[in-house]
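In what follows, every chain begins at residue 1, and chains take the letters A, B, ... in the order their sequences are listed.
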2 protein chains.
Amino acid sequence: MLSDRAISASRFTTKPLYLQLRDALAERIARGEWKPGSAIPNESDLAREFGVSAGTMRKALDLMEGEHLLTRRQGRGTFVNDQASDELAVRFNNLRGPDGERILAQVKSTHITEAIANEQERARLQLGPHDRLYRMHRIRQHGGEPFMVEDVAVPVALFPGLGEGKTISPRIVVLAQEYGILLGKAEERVSISEADAGVAEALGLAAGSPVMVLDRVVQTLDGRPVEWRKAWCNLADNHYMAVMV
Amino acid sequence: MLSDRAISASRFTTKPLYLQLRDALAERIARGEWKPGSAIPNESDLAREFGVSAGTMRKALDLMEGEHLLTRRQGRGTFVNDQASDELAVRFNNLRGPDGERILAQVKSTHITEAIANEQERARLQLGPHDRLYRMHRIRQHGGEPFMVEDVAVPVALFPGLGEGKTISPRIVVLAQEYGILLGKAEERVSISEADAGVAEALGLAAGSPVMVLDRVVQTLDGRPVEWRKAWCNLADNHYMAVMV
DNA sequence: AAGTGGTCTAGACCACTCA
DNA sequence: GAGTGGTCTAGACCACTTG
């Protein structure tokens, strides 16, 4: 069995078996071998396939459930998460309405260009001096009113051919799934600023009005930066919500 | 053995053993039976004491490590976390300086009163119509400058005798540890407002200046609200930082 | 009734720390 | 070298879902 060999051969490395299993299974999801929403083989079949005990396989599967890659349900099976699903697509979206419900922003306009990363982009995305990226400029609206302007940057290396006329998902979580990129955590810096002329016009505010600035970097599962987004937001009655554990 | 009986007797409930163990061990920490910073017995001794297998005890201990109650280190042992330690005391504090370092605010003044919860306080702290609470008003400074005004409310039921002249830790994490309360997660709503007269004066701003408003509820490990804090903050060069997983 | 994940056991061996 | 937590195994039984 191929995968059996692959795992056995690496038994002499320092990395624990269950982490190697996690990587092997994640790879299958990333490559599209296991489709979003579909069931994967049960614990004991997988254990047999990889030549490990069921307990070790379980540890890998549990880990992946915590990473939002899988959902396990007693009596049903283990399923590949669809990152475009309602619960997951809004994962890195902390804006909420007065009622506490997550705000689902519509994209009003998008503009995309390709360029060489500037100093700030290189720092945020950990790129080299000649690396290229796609820049996207979007205006989002909510309840018919424009409420957010965002500048997004993603490395060309991770999203090859992104600029070539295909429709682009405005959600990084969905876009990453389409490109076989598994996402881990994101960090967001929240601050207050005064709207400059461009932002003010797009949001229908007076120049100098206070806006909330969201500066977010999304990482892959193994910690490499995937997307840098800076957004200016007319909060109005809404708020940003963070949970701390 | 006492604890042996206690666990065995509850084997017929639906709650999994490892969760019962978690509760029993957490209780020892809350009661001060196991002091912050001290080592607890090893896995197999604990398993023997409670009459369970080592694997089940391990599952409980691992869970508690994830809840910031314990720290386990290979070759050393398992230790009770000190919530007043540098890493943990700032757990619910998301403000950071320009360099990304957490801001440690000094308390400039505190004022404490006891009262019956008003409607908003009852909603946030899930209290009944006649429940009492302590209200605290604080001004915090950073780098010599006042930068935050906060109104804090905690139920009298959880912090009996808080108002009676003792020195009160300005950190809810530390205060909770002193009262034997184990904390779980916190939720914080971030918004923008204009400084009213009182806030403006305390922060040395013009009335109407934009300030960041932090509205935070801290919960116990089992989800009961412990503290409601509303804070007005002169951000300046600083920012709020959230991590999403 | 058959199949799934969830819990629990009893043991082995490894990696790390410290006296 | 003794003691700790970390990994891994091989099995049993339970709880839940579905046909």
Side-chain angles (χ1 to χ4, degrees), chain A residues 1 3-4 6-25 29 34 37-81, chain B residues 1 3-4 6-25 29 34 37-81:
Chain A
M1 225 171 293
S3 32
D4 193 346
I7 296 291
S8 308
S10 45
R11 284 233 186 174
F12 300 100
T13 65
T14 52
K15 203 169 188 179
L17 247 184
Y18 72 92
L19 290 179
Q20 298 179 42
L21 292 169
R22 193 267 309 251
D23 293 346
L25 302 180
I29 295 173
W34 285 340
S38 68
I40 71 173
N42 70 50
E43 193 166 295
S44 42
D45 282 354
L46 283 172
R48 216 180 343 269
E49 183 194 345
F50 284 92
V52 301
S53 82
T56 301
M57 183 54 74
R58 158 170 290 272
K59 195 161 179 180
L61 295 170
D62 285 348
L63 215 178
M64 295 174 74
E65 185 168 34
E67 292 169 334
H68 303 116
L69 295 178
L70 300 174
T71 298
R72 317 194 71 196
R73 264 181 293 173
Q74 190 173 151
R76 302 266 329 265
T78 301
F79 303 85
V80 179
N81 283 342
Chain B
M1 224 171 292
S3 30
D4 193 347
I7 295 291
S8 308
S10 44
R11 284 234 188 173
F12 300 100
T13 65
T14 53
K15 203 169 188 180
L17 247 185
Y18 72 92
L19 290 179
Q20 299 179 42
L21 292 169
R22 194 267 311 252
D23 293 346
L25 302 180
I29 295 173
W34 286 339
S38 67
I40 72 171
N42 71 50
E43 194 166 294
S44 43
D45 282 354
L46 283 172
R48 216 180 342 270
E49 183 194 345
F50 284 93
V52 300
S53 83
T56 301
M57 183 53 73
R58 158 170 290 271
K59 195 160 178 178
L61 294 170
D62 285 349
L63 215 177
M64 294 173 75
E65 185 168 32
E67 293 171 332
H68 303 118
L69 294 178
L70 299 174
T71 298
R72 318 193 70 193
R73 266 182 290 174
Q74 189 174 155
R76 302 263 333 262
T78 301
F79 303 85
V80 179
N81 282 343

Asker: Write down the distance between CG (L61(B)) and C1' (dT4(D)), rounded to a whole number of angstrom.
Answerer: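 Going from L61(B) (CG) to dT4(D) (C1'), I get 13 Å.
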Asker: Could you check how far CZ of R58(A) sits from P of dT7(C), rounded to whole Å?
Answerer: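 Between P of dT7(C) and CZ of R58(A): 7 Å.
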Asker: Compare side-chain N and O positions of R76(A) against OP1 and OP2 of dT18(D) and report whether any pair is under 4.0 Å apart.
Answerer: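 Result: yes.
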Asker: Check this for me, if you would: do D62(A) and K59(A) make a salt bridge, where the nitrogen-to-carboxylate-oxygen distance has to be below 4.0 angstrom?
Answerer: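 A salt bridge is absent here (no side-chain N lies under 4.0 Å from a carboxylate O).
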Asker: Please assess L25(A) against I40(A) for the test side chain to side chain contact (heavy atoms under 4.5 Å, CB included), listing each intermediate value before the final yes or no.
Answerer: CA-CA 10 Å; L25(A) 302 180; I40(A) 71 173; 5.6 Å; no
Asker: Nearest whole Å is fine: how far is dA12(C) C1' from E43(B) CD?
Answerer: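 About 14 Å, once rounded to whole Å.
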Asker: Remember a base hit wins even if backbone is also touched, and classify S44(A) as base, sugar-phosphate or nothing at under 4.0 Å, heavy atoms.
Answerer: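 If one applies the 4.0 Å heavy-atom cut-off, S44(A) turns out to touch nothing in the nucleic acid.
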Asker: Which whole-number value in Å describes the distance from L63(A) CG to dG6(C) C1'?
Answerer: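 Going from CG in L63(A) over to C1' in dG6(C) covers 17 Å.
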Asker: Starting at atom CG of L19(A), determine the distance to atom P of dG6(D), rounded to an integer number of angstrom.
Answerer: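 Atom-to-atom, L19(A) to dG6(D), this comes out as 13 Å.
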Asker: Measuring from T71(B):OG1 to F79(B):CZ, what's the distance to the nearest 0.5 Å?
Answerer: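 Separation between the atoms: 9.0 Å.
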Asker: Going by number, which of residues 66-74 of chain B have a non-hydrogen atom under 4.0 Å from DNA chain D?
Answerer: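 Correct list: R72(B), R73(B), Q74(B).
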Asker: What's the CD1-C1' distance between I40(A) and dT4(C), to the nearest Å?
Answerer: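 Atom-to-atom, I40(A) to dT4(C), this comes out as 12 Å.
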Asker: Mind running side chain to side chain contact (heavy atoms under 4.5 Å, CB included) on M64(B) and I29(B) for me, showing each step along the way?
Answerer: CA-CA 11 Å; M64(B) 294 173 75; I29(B) 295 173; 3.9 Å; yes
Asker: Below 4.5 Å, heavy atoms only, C-beta onward: do L46(B) and L61(B) meet side chain to side chain?
Answerer: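 Side chain of L46(B) against side chain of L61(B), heavy atoms only: contact under 4.5 Å found.
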Asker: Can you tell me how far C1' of dT4(C) sits from CD of E65(A), to the nearest Å?
Answerer: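 One finds 14 Å between C1' of dT4(C) and CD of E65(A), rounded.
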Asker: Taking for each residue the nucleotide of DNA chain D bearing the nearest heavy atom, is the 5' side occupied by N42(B) or by M57(A)?
Answerer: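 With N42(B) and M57(A) compared, the 5'-side residue is N42(B).
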Asker: Determine whether L69(A) and N81(A) satisfy the following criterion, side chain to side chain contact (heavy atoms under 4.5 Å, CB included), listing intermediate values before the conclusion.
Answerer: CA-CA 5 Å; L69(A) 295 178; N81(A) 283 342; 5.6 Å; no
Asker: For a quick test of reading the model: is some side-chain N or O of Y18(A) closer than 4.0 Å to OP1 or OP2 of dT7(D)?
Answerer: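 Yes, within the criterion.
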Asker: Report the distance from atom CG of L46(B) to atom P of dG3(D), rounded to the nearest whole Å.
Answerer: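 Rounded to whole Å, this separation is 17 Å.
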Asker: Run the side-chain hydrogen bond (donor to acceptor under 3.5 Å, both in side chains) test against E43(A) and tell me which residues pass, sequence neighbours left out.
Answerer: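 So E43(A) forms a side-chain hydrogen bond (donor to acceptor under 3.5 Å, both in side chains) with R58(A), R72(A).
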Asker: Tell me whether the OP1 or OP2 atom of dA10(C) has a side-chain N or O from S53(B) closer than 4.0 Å.
Answerer: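 False: S53(B) side-chain N/O out of range (4.0 Å or more) of dA10(C) OP1/OP2.
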Asker: Within the structure, does a side-chain N or O atom of K59(A) lie under 4.0 Å from either OP1 or OP2 of dC8(D)?
Answerer: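 Answer no for this pair, as no side-chain N or O of K59(A) is under 4.0 Å from OP1 or OP2.
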